[in-house]
Amino acid sequence: MRRFLAGTTLIALLTAACAAGPARPARPARTSGAPACDPALDAAFAAWAAAGFSGSIAILRDGAFECRAAYGRADVTAGRPNTPETVFSIGSVTKAVTAAAILRLADEGKLSIDDRVGRILPRLRGPVAEATVRQLLLHTSGLNGTHGDDYERLSPDEALAAIGRLKLAFPPGTGYVYSNSGYTLLALVVERLSDRGYRGYLGSAVLRLPGGRVAGGFWDGLPAAPGPRAVGYLDDGRPGHQGGSPGPYWGLEGNGGLAMTTPDLASWTHALFTGRVVSPASAALAARPGWPLGDGKSETPGWVAYDRSLYGERFLSAAGGGGDVGHNTVVAWIPAQRRAVAIASNTAALTAEALLKAVGPALLAGRPLPTPPAAARGGDLGAIVGTYRLDGGGRFQVAAEGGRLTVSATGADAVRALAPPGAGGTESCSRGAALRAHEQRVLALLNGQTQEGRRERAALEGAFGAVSGLSLAGTITKGADTRTYVLLTTAKGPVLAWYAVNDQGGVQAAEVPAKPPALTFVPSGAGRFRPDDPTGAGPRVEIAFEGRRMTVTGGLGAVTAERSG
């Protein structure tokens with residue numbers, strides 16, 4: 001039916017086994033005559049590649065590259081390596097480019113960011129017409145929910161009508177809710193005010209680097225990003241959407257859909273914040289905190305600004321991934337250092353965002369980069385493969401491949417044991433209440449109690465027939481994302497799905513049908529196993545086997561399951 005909604009940023013720290021096998025690490029691929037990584041950086045990144053990272057890295061300082069390197073495979077089947085010239089989908093980083101297009105139009109006198117969007121788009125109906133361009137840029141328009149799936153064929157007029165039908169979660173300017181639809185509306189503004197249209201304006205003006213070269217293009221349709229493309233591999237190992245479809249896809253336009261190499265992304269970011277893409281005043285506006293998000297973070301037009309309280313240095317970041325393409329991309333700008341860092345990945349084993357989170361503090365401080373811990377040697381893993389059942393009815397399915405165990409959980413009790421919610425595997429009362437509230441919002445959605453829920457229910461029944469029942473199947477945290485699994489009873493049989501919704505009940509991401517949540521483990525010694533999570537940011541859980549018993553120990557205590565069969 002669908003996998004993920006456009007541009008949702010998912011930090012894939014809880015990973016499933018790849019049926020096709022993970023992309024194998026390779027030494028850094030370099031272009032003849034191109035600057036490579038400093039040897040110390042290269043050694044650190046190669047260690048992360050050995051731990052599962054596959055992708056490309058570019059670090060630019062004062063306009064000169066400190067690092068242009070790539071690791072792993074762009075295409076596992078063909079054995080083609082990633083190189084610095086490999087093209088990746090940048091997902092929601094597209095929003096930073098759309099925001100720059102709006103700011104450039106403001107520089108040209110075509111609009112003011114405090115204009116009502118309904119004045120610019122007179123055919124726009126509904127309450128969002130009263131929102132300003134600034135509010136759309138900062139996700140404070142009140143728009144909630146989605147106007148179309150990523151690859152649903154949708155024209156500009158159809159997208160405009162669908163956005164106009166969305167209800168607002170709050171009056172414009174009084175709250176915050178992340179909205180892909182808001183950025184599609186901004187793309188429609190560019191489409192109307194530019195004589196070249198949204199795509200033409202980006203390709204001819206906004207993406208043009210000093211010297212005249214264009215930074216990338218689109219993953220689907222024209223102008224296409226030139227160069228060899230990385231095949232993205234989804235959580236279950238299947239190749240993702242490889243682009244080339246003509247569209248029109250105005251469910252995705254403006255909020256996702258661009259593609260480029262990491263050196264081009266770093267170069268474009270440097271050009272943006274040094275006043276080469278927009279005026280210096282507009283570049284300063286793009287970097288200025290515009291809506292506080294808490295914990296030292298603020299929304300800016302197309303970016304998130306971080307103050308010094310986190311890592312001792314101010315920086316801005318944009319990230320995108322989690323869609324059908326199977327890529328994850330993150331870019332950061334450190335103003336005081338005039339440094340841009342761009343990372344892209346094409347597997348879920350160790351994503352670009354997870355890598356930047358692991359090495360970013362050291363990069364900011366100029367310290368040697370940390371490297372991942374090595375796994376211990378394992379014994380005969382085949383002897384412990386099988387199904388293990390809990391007294392409460394849940395079960396674990398254990399599989400082995402390449403010296404690793406993959407454990408999938410079915411049933412709420414098994415899910416909670418394998419992937420205990422909360423940072424570090426601990427669950428406070430407040431966190432537990434938040435998860436229960438998330439589950440209730442998902443149930444309200446699927447029971448059709450909201451506008452978006454009625455559309456979702458209709459889509460489910462269109463795909464699977466009448467839905468006669470649904471039950472909760474567990475809730476996990478995956479990076480910053482909360483996913484509630486539900487088991488649907490449909491005319492075509494049971495269907496497992498998961499949904500991530502915001503505080504207003506709007507769908508942020510979904511997978512229908514979905515595989516049970518799974519975690520990959522590596523030996524930790526003495527017959528025990530720890531998560532294959534080199535960043536250490538995922539669930540803190542350990543499994544051990546003795547005879548026919550499997551013990552899972554985490555933040556919720558220990559549970560024991562008996563092998564069946």
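Between R104 and E108 there is a salt bridge, since at least one side-chain N of the basic residue sits less than 4.0 Å from a carboxylate O of the acidic one. Salt-bridge formation is detected for the pair E66/R339: a Lys NZ or Arg NE/NH1/NH2 atom is positioned less than 4.0 Å from an Asp or Glu carboxylate oxygen.
Side chains of T146 and N180: no donor on one and acceptor on the other come within 3.5 Å. Under the 3.5 Å distance criterion, with hydrogens and angles disregarded, a donor-acceptor pair is assigned to the side chains of N255 and T184. Between the side chains of E299 and Y176, a donor-acceptor pair is found at a separation under 3.5 Å. Between the side chains of H241 and D220, at least one donor N or O sits under 3.5 Å from an acceptor N or O. With no hydrogens or angles considered, no side-chain donor-acceptor pair links S112 and D114 at under 3.5 Å.
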Criterion side-chain contact (heavy atoms from CB on, under 4.5 Å) on L143 and I163, from CA distance to verdict: CA-CA 8 Å; L143 273 176; I163 294 171; 4.1 Å; yes
Kindly determine whether L193 and Y201 satisfy side-chain contact (heavy atoms from CB on, under 4.5 Å), including the steps that lead there. CA-CA 10 Å; L193 295 183; Y201 190 62; over 6 Å; no
Take T347 and F53 through the side-chain contact (heavy atoms from CB on, under 4.5 Å) test and state the conclusion after the steps. CA-CA 7 Å; T347 72; F53 173 72; over 6 Å; no
Begin with the C-alpha distance, continue with both residues' side-chain angles, and end with the deciding distance and a verdict on side-chain contact (heavy atoms from CB on, under 4.5 Å) for S267 and L60. CA-CA 7 Å; S267 297; L60 185 75; 4.3 Å; yes
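Listed for the H147 side chain is no donor-acceptor partner under 3.5 Å among the backbone atoms of L185. Proximity of a side-chain donor or acceptor of T300 to a complementary backbone N or O of A286 within less than 3.5 Å is detected. With N144 contributing its side chain and A169 its backbone, the two residues share no donor-acceptor pair below 3.5 Å. A donor-acceptor distance shorter than 3.5 angstrom exists from the side chain of W268 to the backbone of V206, with no hydrogens or angles considered. E452 contributes a side-chain N or O that, together with a main-chain N or O of V507, makes up a donor-acceptor pair within less than 3.5 Å. In this structure a side-chain-to-backbone donor-acceptor pair under 3.5 Å is present from N346 to V231. Checked by atom type and distance alone, the side chain of Y233 never pairs as donor or acceptor with a backbone atom of G240 at under 3.5 Å. The main-chain N or O of A509 is never found under 3.5 Å from a side-chain atom of R483 such that the two would form a donor-acceptor pair. The closest donor-acceptor contact from the side chain of R192 to the backbone of I120 lies under 3.5 Å. Within the 3.5 Å criterion, the main-chain N or O of A348 finds no donor-acceptor partner in the side chain of T351.
Between V177 and D503, every side-chain heavy-atom pair lies at or beyond the 4.5 Å cut-off. Under the 4.5 Å side-chain criterion, counting only non-hydrogen atoms from C-beta, I102 is in contact with V189. By the 4.5 Å heavy-atom criterion applied to side chains, L207 and L258 are counted as neighbours. Between T262 and I57, every side-chain heavy-atom pair lies at or beyond the 4.5 Å cut-off. Using a 4.5 Å heavy-atom cutoff, the side chains of D42 and Y71 are in contact. No side-chain heavy atom of V341 sits under 4.5 Å from any side-chain heavy atom of V331. The shortest distance between side-chain heavy atoms of S54 and N82 falls below 4.5 Å. Side-chain contact between V442 and W498 is absent, with no heavy atoms from C-beta onward closer than 4.5 Å.
Of all heavy-atom pairs spanning V93 and T329, the tightest one is CG2-O, 4.0 Å. Shortest non-hydrogen contact noted between A129 and R116 is O-NH1, 3.2 Å. Shown here for H438 and T484, the closest heavy-atom pair between the two residues is ND1-OG1, 2.8 Å. When all heavy atoms are compared, the tightest approach of F88 to A230 is CE2-CB, 3.6 Å. Pairing each heavy atom of E313 with each of A336, the nearest pair is OE2-CB, 3.5 Å. The minimum heavy-atom distance linking I476 with P517 is given by the pair CD1-CB, 4.2 Å.
With rounding to the nearest 0.5 angstrom, the CG atom of L138 is 12.5 Å from the OG atom of S179. Between the CZ atom of R68 and the CD atom of E85 there is a distance of 5.0 Å, given to the nearest 0.5 Å. Taking OG of S181 as the start and CG of L186 as the end, the distance is 11.0 Å to the nearest 0.5 Å. To the nearest 0.5 Å, the span separating CG on D38 from CZ on F65 amounts to 15.5 Å. Separating the CG atom in L136 from the CG atom in D115 is a distance of 11.5 Å, to the nearest 0.5 Å. Note that the CD1 atom of I113 and the CD atom of Q135 stand 10.5 Å from one another [nearest 0.5 Å].
The ring pair (Phe, Tyr, Trp, His ring centres under 6.0 Å) search around H270 returns W333, not counting sequence neighbours.
For D62, the CG atom is densely surrounded, since the number of other residues' heavy atoms within 6.0 Å is greater than 12. Around CZ of R276, the count of heavy atoms belonging to other residues, nucleotides or ligands within 6.0 Å does not exceed 12.
Two rings, from F273 and W303, have their centers less than 6.0 Å apart.
Ring pair Y151/Y249 is perpendicular by interplanar angle, where above 60° counts as perpendicular and below 30° as parallel.
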